[in-house]
Amino acid sequence: SFPETPKSKLPPYYQPWMDIAQHVTELIYSHTLRSHILKMALLNTRFLESHRELRLAHLALSVMTMGYVWQEGENDTVKMLPRNLAIPYWKVSQRLGLPPILTHADAVLANWKKRDPHGPFDMENLELLVTLPGGDSVRGFFMVTLLVELAAVPAIKSIPLVINGVQCGDAETVTSALEEISQAMEGMTDALKLMHAYVKPEVFYGIIRIYLSGWKDNSSMPAGLVYEGIQAEPMEYSGGSAAQSSLLHCFDELLGVKHEENCGAFLTRMRNYMPSSHKHLIQDISLQPSLRGFVQQEASELLTAAFQLCVTKLMALRSYHINVVSRFITVPAARARQLRSQGNSSQEETVSRAPTALEETGTGGSGIMSFLKTVRDRTRDVSLPLDNRAMQKSTNGAQPQNTQYTTHQTHLQSNTF
């Protein structure tokens, strides 16, 4: 049942937004996006009724905003988003509980349609609703990320089974649900491998990344951005980041992974960039009795092996993500630095067009390699070595409550996944 197809059309009243949003790339290349937006009518948001209409409006206003800010690259940014864009963007954001900047929930989760509605959910049959500069590589980047989300669906659906099983003391149910989760994690890694086939590193690094960048912890926009008509002081928001996907947050809470202070603070902050139903799901999982504690207490060989396989597969996924980041950021960054040091930062090499402010960071603002490695290493810390399985089954301590766990179902069935 994944996922409900995003809306691809807004009510006719909002056509002025869609006319610009669907041509952002051409307008950036002709250096006319800012002038088009300045001439745009200030529209009232009250005719946006459904959740899916709001999500499409947020997506359209987000790509317009990213294009407006970064149209001329890092050296000619703006201090203010004009009121005819800023006011409706702010209002739509408030209704959705999302920030007024392009997020993973926009660019990936709400930005696709099937070419053939009855066809498969694969690269050949998917297309973007709106796009940004970067051609086929932009489509590849967002669509491969969507396929990683798709691969995770069986895992997300299995989480309530794990939690119910722990609460009822049903080791067999927990074991089979964990096996389902580890299999889905492997599918996520396999989906991520498609990145190499569909995205060119020099295009991602030299062209795409700046349009995913925010105005927090970014030296190109040290003061942030004023949203005209909302408040006079500038506001700061982080750019897009894989940490805005709820998937790994859910897995970390389930397995009991605890992150080092700085990494943990960044990850927690990224939850404010998710749809509210995703935030609630992560919170729900975090409040449940410890799965790891249950596995230790049960001292079952099969259960311990199933838990450990989840840890191993999650580490493998994070390691593969490090490999992707190295190829798409670290290597091109080194090439761009080399070209600059040779005084050869001409436009002929795509990588040299990249903003220097982003060199060592992710678009979300994290110092990317050390962050990812620390996060992966903290995942290893929850490992349960299988040779310790003979520990005595604990008979003391609080008994788990025997209440059926159903609150997730509402979040899982909501159309924001």
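Residue numbers start at 1 and run along the sequence shown.
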Looking only at non-hydrogen atoms, find the nearest pair between [X] and [Y] and report the distance.
X    : Y    : result
R52  : P6   : NH1-C, 4.0 Å
L81  : L225 : N-CD1, 3.9 Å
M270 : S241 : SD-CB, 4.1 Å
G97  : K279 : O-NZ, 3.7 Å

With distance as the sole test, does [X] use its side chain to make a donor-acceptor pair with the main-chain N or O of [Y] at under 3.5 Å?
X    : Y    : answer
E260 : N262 : yes
N218 : G214 : yes
H321 : L317 : no
T103 : P99  : no
S176 : T173 : yes
H249 : A243 : yes
S213 : R209 : yes
Y205 : T330 : no
S383 : R380 : yes
S50  : E53  : yes

Report yes if some heavy atom in the side chain of [X] is under 4.5 Å from a heavy atom in the side chain of [Y]; otherwise report no.
X    : Y    : answer
L303 : F294 : yes
L98  : D106 : yes
V325 : M369 : yes
P88  : L43  : no
I101 : T65  : no
K216 : R269 : yes
L33  : H23  : no
Q288 : V162 : no

Enumerate donor-acceptor pairs with a distance under 3.5 Å from any side-chain N or O in residues 124-141 to protein atoms, sequence neighbours excluded.
unit_1: E124; atom_1: OE2; unit_2: Y198; atom_2: OH; d: 3.1
unit_1: N125; atom_1: OD1; unit_2: D116; atom_2: N; d: 2.9
unit_1: N125; atom_1: ND2; unit_2: D116; atom_2: O; d: 3.0
unit_1: N125; atom_1: ND2; unit_2: P120; atom_2: O; d: 2.9
unit_1: E127; atom_1: OE1; unit_2: R115; atom_2: NE; d: 2.9
unit_1: S137; atom_1: OG; unit_2: K200; atom_2: N; d: 3.0
unit_1: R139; atom_1: NE; unit_2: L126; atom_2: O; d: 3.2
unit_1: R139; atom_1: NH2; unit_2: M123; atom_2: O; d: 2.2
unit_1: R139; atom_1: NH2; unit_2: L126; atom_2: O; d: 2.9

For T45, give me all partners under side-chain hydrogen bond (donor to acceptor under 3.5 Å, both in side chains), at least two apart in sequence or on another chain. none
Can you tell me how far apart [atom1] ([X]) and [atom2] ([Y]) are? Round to the nearest 0.5 Å.
X    : Y    : atom1 : atom2 : value
L281 : M274 : CG    : CE    : 10.0 Å
D284 : S286 : CG    : OG    : 7.5 Å
T175 : L309 : OG1   : CG    : 12.0 Å
C250 : I282 : SG    : CD1   : 5.0 Å
M195 : R327 : CE    : CZ    : 11.0 Å
R378 : L267 : CZ    : CG    : 12.0 Å

Mind checking ring-ring contact (aromatic ring centres under 6.0 Å, His included) for [X] and listing every partner two or more places apart, or none if nothing turns up?
X   : value
Y13 : F47
W17 : Y14
H58 : Y89

Apply side-chain contact (heavy atoms from CB on, under 4.5 Å) to residues M40 and I20 and explain how you reach the verdict. CA-CA 9 Å; M40 191 172 75; I20 295 178; 3.7 Å; yes
Please walk me through it: do L146 and F121 pass side-chain contact (heavy atoms from CB on, under 4.5 Å)? CA-CA 10 Å; L146 179 67; F121 213 114; 3.8 Å; yes
Pairs in or reaching into residues 61-84: which pass ring pair (Phe, Tyr, Trp, His ring centres under 6.0 Å), with residues at least two apart or in two chains? none
What pairs with S319 under side chain to side chain contact (heavy atoms under 4.5 Å, CB included), at least two apart in sequence or on another chain? R376
With A184, which residues qualify under side chain to side chain contact (heavy atoms under 4.5 Å, CB included), at least two apart? P154, A155
Please lay out, stage by stage, how H104 and E149 fare under the test side-chain hydrogen bond (donor to acceptor under 3.5 Å, both in side chains). CA-CA 11 Å; H104 170 85; E149 295 271 334; 2.7 Å; yes
Is the F328 ring parallel, tilted or perpendicular to the F204 ring (thresholds 30°, 60°)? perpendicular
Using the test salt bridge (Lys or Arg N to Asp or Glu O under 4.0 Å), find all partners of [X] that sit at least two apart in sequence or belong to another chain.
X    : result
R95  : none
R83  : none
E228 : none
R318 : D252

Has K113 got more than 12 heavy atoms of other residues, nucleotides or ligands less than 6.0 Å from its NZ? no
NZ or CZ of K193 within 45° of Y320 ring axis and under 6.0 Å: yes
For a side-chain contact (heavy atoms from CB on, under 4.5 Å) check, start with the C-alpha distance between R292 and L384, then their side-chain angles and the critical distance, and finish with the verdict. CA-CA 8 Å; R292 189 171 183 272; L384 288 177; 3.4 Å; yes
Test item: side-chain donor near acceptor, Q71 and H31, under 3.5 Å: no
Side chains of D377 and T374: donor-acceptor distance under 3.5 Å anywhere? no
Any salt bridge between E253 and R271, counting N to O under 4.0 Å? yes
Using side-chain contact (heavy atoms from CB on, under 4.5 Å), reason through M18 and L56 one step at a time and then give a plain yes or no. CA-CA 10 Å; M18 296 309 287; L56 176 57; 4.1 Å; yes
